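Here's the structure we're looking at; comments come further down.
Just so we're clear, the structure is a prediction, and the values are computed from it rather than from any experiment. Reminder, nothing fancy here: chain letters follow the sequence lines and each chain counts from 1.
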Amino acid sequence: MADKLKLSWYQNDNVAEVSKMLLGKILCTNIDGIVTKGKIVETEAYSGYNDKASHANNHKKTKRNAVMFGPGGYAYIYLCYGIHHLFNVVTNVEGSAEAVLIRGIEPIEGVELMMKRRNMKRPEKRLTGGPGVLSQALGIQTSFYGEALDGDTIWIEDNEPIEDDLIVTTTRIGVEYAEEDALKPWRFYIKENAWVSNF
DNA sequence: GTTATGATTTACT
DNA sequence: GTAAATCATAACG
């Protein structure tokens with residue numbers, strides 16, 4: 001069995017690199033004594049410096065994103081549209097508001113429970129193929145906010161790294177000529193994986 | 001105290 | 001393909 005990633009593992013000053021390395025790792029939760037696991041297949045990096053999409057843009061510190069300003073290795077849960085829980089992993093050291101958004105996972109363990117939670121009547125692809133639903137499938141709630149990822153409730157297990165050939169890095173659309181303003185290719189996913197969202 | 005907004009999902013035409 | 005749902009957070013008065 002793979003080892004739990006240590007908090008220091010996340011405290012890398014290159015968010016994009018952490019995002020890349022998170023691909024293929026195993027995200028685990030332990031809710032009510034039941035463990036569910038899923039392989040991370042899609043991630044997205046967020047920085048508090050130059051990413052307009054980030055809640056921590058321009059070092060804007062609020063109560064909600066405060067955890068992102070802390071040291072890496074903690075869970076940042078954000079409730080979007082009032083319904084969807086988005087799960088982020090805080091990276092980098094204290095003072096740098098950077099995080100990795102987990103966008104897609106491939107169910108490994110506890111699949112039936114996931115479907116039960118989601119009350120799935122839909123194709124399996126939608127079970128965890130999206131940032132909002134994967135959180136729900138794993139039972140992630142707002143009470144996970146600020147949880148350390150080396151605890152017994154939620155953690156990430158190490159796994160064999162994904163080959164570079166299988167990692168797809170995407171840039172934003174229509175930014176080729178606007179290199180200065182364009183955000184870096186900070187979206188990563190595993191090639192030819194059915195659980196990647198939005199395709 | 002009140003209002004505007006969003007890192008999305010789902011359903012329907 | 002497009003449109004609507006829905007609520008916690010943040011900013012403003």
Point to revise | d(CG, A/Leu79; P, B/dT9) in whole Å | key: 12 Å

Check your understanding: Does the side chain of A/Gln11 pick up a donor-acceptor pair with the side chain of A/Asn92 at under 3.5 Å?
Key -> no

Study note, to complete from the structure: Winner on side-chain proximity to A/Cys80, out of B/dT8, B/dT10, C/dA8, is B/dT8

Check your understanding: How many Å lie between CZ on A/Arg117 and C1' on B/dT9, as a whole number?
Key -> 19 Å

Review point. For DNA chain C, which residues in residues 81-92 of chain A have a heavy atom at a distance below 4.0 Å?
Key: A/Tyr81, A/Gly82, A/Ile83

**Study point:** Length of the CG-C1' vector between A/Leu127 and B/dT10, whole Å
**Key:** 15 Å

Review point. In terms of side-chain geometry, is the basic nitrogen of A/Glu157 or A/Lys37 positioned less than 4.0 Å from the acidic oxygen of its partner?
Key: yes

Check your understanding: Between atom CD1 in A/Ile102 and atom P in B/dT8, what is the gap in whole Å?
Key -> 14 Å

Review point. When the distance from NZ of A/Lys61 to P of C/dA10 is rounded to whole Å, what number comes out?
Key: 13 Å

Practice item. State whether A/Arg64 places a side-chain N or O below 4.0 Å from either non-bridging phosphate oxygen (OP1 or OP2) of B/dT5. Key: no

Review point. Is the phosphate of B/dT8, meaning OP1 or OP2, less than 4.0 Å from a side-chain N or O of A/Arg103?
Key: yes

Check your understanding: Just the dot-bracket of DNA chain B, please: which string comes out with Watson-Crick or G-U pairs under 3.5 Å, [ ] for crossing, | for another strand?
Key -> ||||||.|||||.

Practice item. Hey, could you give me the CD1/CZ distance between A/Ile154 and A/Phe144, rounded to the nearest 0.5 Å? Key: 5.5 Å

Check your understanding: Considering only side-chain heavy atoms of A/Met68, which listed nucleotide, B/dT9, C/dA8, B/dA7, is closest?
Key -> B/dA7

Check your understanding: For residues A/Tyr145 and A/Glu147, is any side-chain donor paired with an opposing acceptor at under 3.5 Å?
Key -> no

Check your understanding: In whole angstrom, what separates A/Lys60's NZ from B/dA7's P?
Key -> 11 Å

Study note, to complete from the structure: With the side chain defined as heavy atoms from C-beta on, A/Pro131 is closest, among B/dT10, C/dA8, B/dT8, to B/dT8

**Study point:** Close side-chain approach of A/Thr128 and A/Pro107, heavy atoms under 4.5 Å
**Key:** yes

**Study point:** Check: A/His85 main-chain N/O paired with A/Ser135 side-chain donor or acceptor under 3.5 Å
**Key:** yes

Exercise for review: Mind calculating the distance between CD1 (A/Ile77) and P (C/dC7) to the nearest angstrom?
Suggested key: 19 Å

Review point. Just by modelled atom types, is the A/Ala16 backbone N or O under 3.5 Å from a matching donor or acceptor in the A/Asn14 side chain?
Key: yes

Practice item. Answer with base, sugar-phosphate or nothing: what part of the nucleic acid does A/Leu101 contact at a heavy-atom distance below 4.0 Å? Key: base

Review point. Which value, rounded to the nearest 0.5 Å, describes the distance between A/Thr29 atom OG1 and A/Asp152 atom CG?
Key: 12.5 Å

Point to revise | Distance-minimising heavy-atom pair for A/Arg187 and A/Glu44 | key: NE-OE1, 3.0 Å

Practice item. Select one nucleotide: of C/dA11, B/dG6, B/dT10, the one nearest the side-chain heavy atoms of A/Val133. Key: B/dT10

